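By convention here, the first residue in the shown sequence is residue 1. Only a predicted model underlies this, so the values are computations on that prediction, with no experimental measurement involved. In listed order, ligands and their atoms are each counted from 1.
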Amino acid sequence: MAKLNVDLDQINPVYRPYLSDEHRYQLFFGGSSSGKSCFLATRAVLDALAGRNILVVRKVQRTLGVSCWNEIQKAARRLGAARLFSVSRSGMTMTVRQTGAQILFAGLDDVEKIKSITPRNGVLTDIWIEEATECQREDFKQLDKRLRGPSPFRKRVTLSFNPTYRDHWICQDFFGGWAEADDAPKPGAVPGRSYADADVSILRTTYLDNRFLTDDDRKALREEKNGYFHTVYTLGQWGARGGLIFTNWRVEDLTAHPPPGRLPVYFGLDFGFAQDPTACVQAALDREARRIYILATFSATGLVVWALAKRLQAFAGRERVVCDASDPRCIAELRELGVAAARARKGPDSVLHGIQWLQGYEIVVDTRCADMIRQLSAYSWKESADGSPPQPRAGDAHLIDALRYALEGEQTGRKARLWPRRAVKL
Ligand SMILES: Nc1ncnc2c1ncn2[C@@H]1O[C@H](COP(=O)(O)OP(=O)(O)O)[C@@H](O)[C@H]1O
Ligand SMILES: [Mg+2]
């Protein structure tokens, strides 16, 4: 076996633990330009050199030639390993000269090839399905069955993809153990996040995990304005489709493009404790332009009242904070502790009215409010077959609830305070 000194600096740190991961099902998903394809191409080259036989698959054969094929050639060159392979572009195969181990490529649209493809020596040990969301569940099952026969290697199926829609079969079949509640990458922190059980490993990465990007690449992703694209391609979170309650929102860097001066500012709070977070939002309202700006949010679990009061003093100062009416005692205690906590009115139709009112405005969310962006992209109607009034589907929408409370006075004509009356820290 030819010796190859791999310079680990060529591999983004977040992926390094996966060089030798042996889970049967490995999912690499997240935002665009996060380095998924580059890493998996690099790993394929190293794995072939170690004796594995790898089948690289995409839905459409034609797209392989311009994506994975090139990525793997580039990876082989970067590793200084190109000379160790004999390459047939027409047959779409790469063979390790010394051992005969192979990297093979096939599109799911080439059914005959998919059925018959076998490596020169031994059996397939790996299948990498690139852009796996293009494939059906049945495609995946058929491919999974192709990994059989004796081999010294653990067999693996690797899926790489952007998280297009949360009702996708991949989300349904593999993300049961992935905790949605803390799904949002925290701004500033290293956002790579992982999960593993006996059979499955999942890694989510975003552009922030890819140290090979230019500042321009990063800027384009950070400033993506379309709400859906921002969720899927910038944050790398499952997008939503159909039955969405709010489509009237977009993401904007409000530090670079602040809202016009002297807008009234509002604070709303939804109580939580153990499972559900306590969620608080700061919003400004431009009545004339019919626009709501989401300036800042925080969500936290396990906050006892005095700790919450401290957070609120820092977050809202002496401003009125309109709170969820369900916990009058907590509101009273917050007032004792110097927070101008007020109680939201809660009629039987208040949720629906609040939603309809918010739908009449354009909602502009600051780029740093990742939790709010996630909630807005997932907030959808419950399906009802019996014609009962619409109801939001259960799920994490605490910041949206807090927003309804914050602006409740506007719906009923109560007065609010002016912004910026004191310096509001963005
Ligand atoms: N290990 C690496 N070495 C050099 N460049 C890299 C590496 N990883 C990523 N890149 C650069 O980042 C870009 C985006 O990475 P890519 O793997 O295509 O992301 P994803 O598949 O997550 O969208 C690549 O086109 C390449 O320019
Ligand atoms: Mg890719």
Looking at E134 and R58, does any basic side-chain N land under 4.0 Å from a carboxylate oxygen? yes
Nearest neighbour in protein (non-hydrogen) for atom 8 (N) of ligand 1: C38 CB, 3.3 Å
Using a strict 4.0 Å threshold on nitrogen-to-oxygen distance, state whether D199 and R24 make a salt bridge. no
Honestly, for T42 the part within reach of ligand 1 (heavy atoms, under 4.0 Å) is neither
Is any N or O atom of E71, backbone or side chain, closer than 3.5 Å to an N or O atom of ligand 1? no
Looking only at protein heavy atoms, which one is nearest to atom 12 (O) of ligand 1, and what is the separation? N210 ND2, 2.9 Å
Whether R222 and E224 form a salt bridge (side-chain N of Lys/Arg under 4.0 Å from carboxylate O of Asp/Glu) is what I want to check. no
protein heavy-atom neighbour closest to atom 7 (C) of ligand 1 works out as F212 CD1, 3.3 Å
Looking only at protein heavy atoms, what sits closest to atom 21 (O) of ligand 1 is S37 OG, 2.7 Å
Determine whether the aromatic ring centres of residues W69 and F105 are separated by less than 6.0 angstrom. yes
May I ask you to list the atoms of ligand 1 that are less than 4.0 angstrom from any heavy atom of S33? 14 (C), 19 (O), 20 (P), 22 (O), 23 (O)
Do the charged groups of R287 and E410 touch, with an N to O distance under 4.0 Å? yes
Applying the side chain to side chain donor-acceptor pair (under 3.5 Å) criterion to H398, which one of D270, D371, T297 satisfies it? D270
For W178 and F29, take the angle between the two ring planes, folded into 0 to 90°, and tell me which bin it lands in: parallel under 30, tilted 30 to 60, perpendicular over 60. perpendicular
I'd like to know if the side chain of N121 and the backbone of T99 have a donor-acceptor N/O pair within less than 3.5 Å. yes
Return yes when at least one protein heavy atom is under 4.0 Å from atom 25 (O) of ligand 1, and no when none is. no
So is Y15 polar-close to ligand 1, meaning N/O to N/O under 3.5 Å? no
Counting from 1, what ligand 1 atoms have a heavy atom of N12 closer than 4.0 Å? 8 (N)
Does the D366 side chain pair with the main chain of R368, one donor and one acceptor, at a distance under 3.5 Å? yes
Do the charged groups of K59 and E131 touch, with an N to O distance under 4.0 Å? no
Please check whether F39 reaches ligand 1 - meaning an N/O of the residue sits under 3.5 Å from an N/O of the ligand, judged on distance alone. no
With only distance considered, is S32 within less than 3.5 Å of ligand 1 through an N or O on each side? no
If I take every N, O or S atom of S67, is at least one of them less than 2.8 Å from the Mg ion (ligand 2)? no
Residue S34 vicinity, atoms of ligand 1 by number, heavy atom under 4.0 Å: 19 (O), 20 (P), 22 (O), 23 (O)
Can you confirm, on distance only, whether ligand 1 has an N/O atom lying under 3.5 Å from any N/O atom belonging to I11? no
If the cut-off is 4.0 Å to any non-hydrogen atom of Q10, which atoms of ligand 1 fall inside it? 1 (N), 2 (C), 3 (N)
With heavy atoms and a 4.0 Å threshold, my read on which part of T205 contacts ligand 1 is neither
Please tell me whether F174 and F140 form a close aromatic pair, meaning their ring centres lie under 6.0 Å apart. yes
Atom 19 (O) of ligand 1 has as its nearest protein heavy atom G35 N, 3.0 Å
